[in-house]
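Side chains are part of it too, since the values below use all heavy atoms of this structure and drop only hydrogens, waters and symmetry mates. Throughout, a chain's letter reflects where its sequence line sits, starting with A, and its residues are numbered from 1.
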Amino acid sequence: MTHSSEFLQRLDARGFIHQITDAAALDAAAHKGPITAYVGFDCTAPSLHIGNLVSIMMLRHLQQAGHKPIVLMGGGTTKVGDPSGKDEARQLLDDGQIAANMASIRRIFERFLRFGDGPSDAIMVNNDEWLSQLRYIPFLRDVGRHFSVNRMLSFDSVKLRLDREQPLSFLEFNYMIFQAYDYLELSRRHGCTLQMGGSDQWGNIVNGTDLIRRIDGREAFGLTTPLITRADGAKMGKTARGAVWLHEDQLPHFDYWQFWRNTHDADVGKFLALFTDLPLDEIARLAALDGAGINHAKEVLATEATALCRGRAAAEAAAATARATFADGGTGAALPQFAVAAPVTIIEALIGLGFAASKNEARKLVAQGGARIDGNAVTSDAAPVAPGQKVSAGKKRHGLVVAA
RNA sequence: GGAGGGGUGGCCGAGCGGUCAAUGGCAGCAGACUGUAAAUCUGCCGGGUUUCACCCUACGUUGGUUCAAAUCCAACCCCCUCCA
């Protein structure tokens, strides 16, 4: 389908679109003038992870196309807990934790969006503003009457729990009502006419557009992104070590860069389109490379994606360190460091750098030939390491022992 | 309420008195091959230490039987299936 609005053209060309409630009407609205759209984010953790990046990039494209993004923080809904995809009720957070998480998350958004008072400047709002003000009886009469329990019970998030006879509290059951109500509030307060989110949010988003139509008689749209998977079928961004965090406190710049650098060949083009600002013809050229060329494309992906989230300087530094470490066998400033006062053994160095959790594990690395000092395989557990030397565990983990 | 079946290492899933730190698969780590890829092959894969060995902790929970229990018994907790 071809779109006339720059916004939908961009999203479509870059692979962001899964479903739209009324694509033609949304396209017409976005073509006619600036629209306001929002994405809701949870604040159960102090940082967002790669799984949220698609939505963040979508808001970025929205803004670049001249529209106004709203970042909705789920301060109120976090007190309720989204039952989607969870087998058990989430642990509930208190106000202090939620506020701290929100402040931390805001710093991430400031990298991707321009905030301010201008017509296309992003704003961040907290749904606790209205949710905690609600009065029960009026809310039930005005909003609750538009929700059919029969239909709510058919939602996957609810059905899953009921089918397994797992407890679903009334508190959680209300989550979808609140999410729909958020949309209504944003529609009234900010003239918001579009909610975006992941494909798992489709049902909740449609609830919102329906609610707005029923109560206020206005049109509202919904747009979802496809679930981003890797070429090998695994979920994007899930590693054995946990989520890939966007916040540098939880994941060093170098590791973030490395995450992108290790993208599968087949995913390079897709990820460049989704997670960088590079023009599409440049992406097409990079994705078509193979052999040594695709490795260059991965470096571009890593540097561009890191630059967006962590800043250009951090991205370049990570790239330079990676080049020096992997291509030239040397070292770089962005490698993890372990400060020592006196020479240590290889075992202590591996643990100190976090490459081994125990002496046992470190010994295994040595026994298997995976431990190296300045690139030379170590054969003895007692091999000494002096400040200034590089210690490696396997092919990808490198660190520097420095003088304390 | 009645009748059965089951709860095992990060996950799935064997074992059903000693040879069990527990087959196998997945995930993970390391090595080989490469391109810091994929696929493939090999090794490792509860923790600790003075590591061809030893010591801890583990098979839902708590007790018991036994020289010896993941394996048998009892009670309890939880899950599943069928009947009411």
Side-chain angles (χ1 to χ4, degrees), chain A residues 85-89 160-168 229-244 251-272 286-306 315 317-332 334-336 345-351 353-373 375-383 390-399:
Chain A
K86 298 287 183 298
D87 287 351
E88 292 169 15
L160 196 75
R161 288 273 197 94
L162 294 182
D163 286 349
R164 297 190 191 171
E165 294 186 27
Q166 281 165 335
L168 174 72
T229 54
R230 295 192 319 214
D232 65 3
K235 247 192 202 175
M236 157 89 196
K238 288 284 180 195
T239 69
R241 283 181 205 155
V244 178
L251 188 73
H253 297 317
F254 183 67
D255 293 343
Y256 189 79
W257 192 93
Q258 280 289 319
F259 167 79
W260 293 105
R261 172 63 244 271
N262 286 309
T263 297
H264 295 354
D265 286 8
D267 290 327
V268 171
K270 178 161 86 173
F271 287 1
L272 279 167
L286 287 168
L289 297 170
D290 58 1
I294 195 74
N295 267 341
H296 172 247
K298 289 181 189 181
E299 285 173 27
V300 173
L301 168 64
T303 301
E304 291 303 315
T306 305
T321 291
R323 208 173 300 122
T325 307
F326 288 98
D328 309 334
T331 62
L335 291 179
T345 65
I346 181 69
I347 299 295
E348 290 166 316
L350 286 168
I351 294 173
L353 285 162
F355 297 158
S358 66
K359 289 190 182 180
N360 233 340
E361 210 175 288
R363 287 195 186 95
K364 268 171 204 151
L365 269 171
V366 173
Q368 294 182 132
R372 281 184 299 281
I373 298 174
N376 303 311
V378 173
T379 52
S380 163
D381 290 353
K390 180 175 75 164
V391 171
S392 308
K395 296 271 163 54
K396 293 191 183 170
R397 291 177 294 171
H398 304 278

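Using atom P as the reference point in both B/C16 and B/A70, the two lie 14 Å apart (nearest Å). Using P as the reference atom, B/C73 and B/G1 are 24 Å apart when rounded to the nearest Å. Taking the P atom of each, B/G47 and B/A22 are spaced 13 Å apart, rounded to whole Å. When the P atom is used for both B/C54 and B/A21, the distance is 11 Å, rounded to whole Å. Of the P atoms belonging to B/A68 and B/C76, the separation is 27 Å, rounded to the nearest Å. Here the separation of B/U71 from B/G60, taken at their P atoms, is 8 Å to the nearest Å. Using atom C1' as the reference point in both B/G18 and B/G13, the two lie 24 Å apart (nearest Å).
The base of B/G43 lies close enough to the side chain of A/Q368 for a donor and an acceptor atom to sit less than 3.5 Å apart.
Salt bridge A/R230/A/D267: absent, no basic N to carboxylate O contact under 4.0 Å.
With B/G35, B/G48, B/U50 as the candidates, the nucleotide lying closest to the side chain of A/N360 is B/G48. Nearest to the side chain of A/R397, among B/A38, B/A30, B/U36, sits B/A30.
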key: Trace of the side chain to side chain contact (heavy atoms under 4.5 Å, CB included) decision for A/K390 with A/T325   = CA-CA 10 Å; A/K390 180 175 75 164; A/T325 307; 4.2 Å; yes

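Residues A/E361 and A/S358 bring no donor and acceptor atom of their side chains to less than 3.5 Å of each other.
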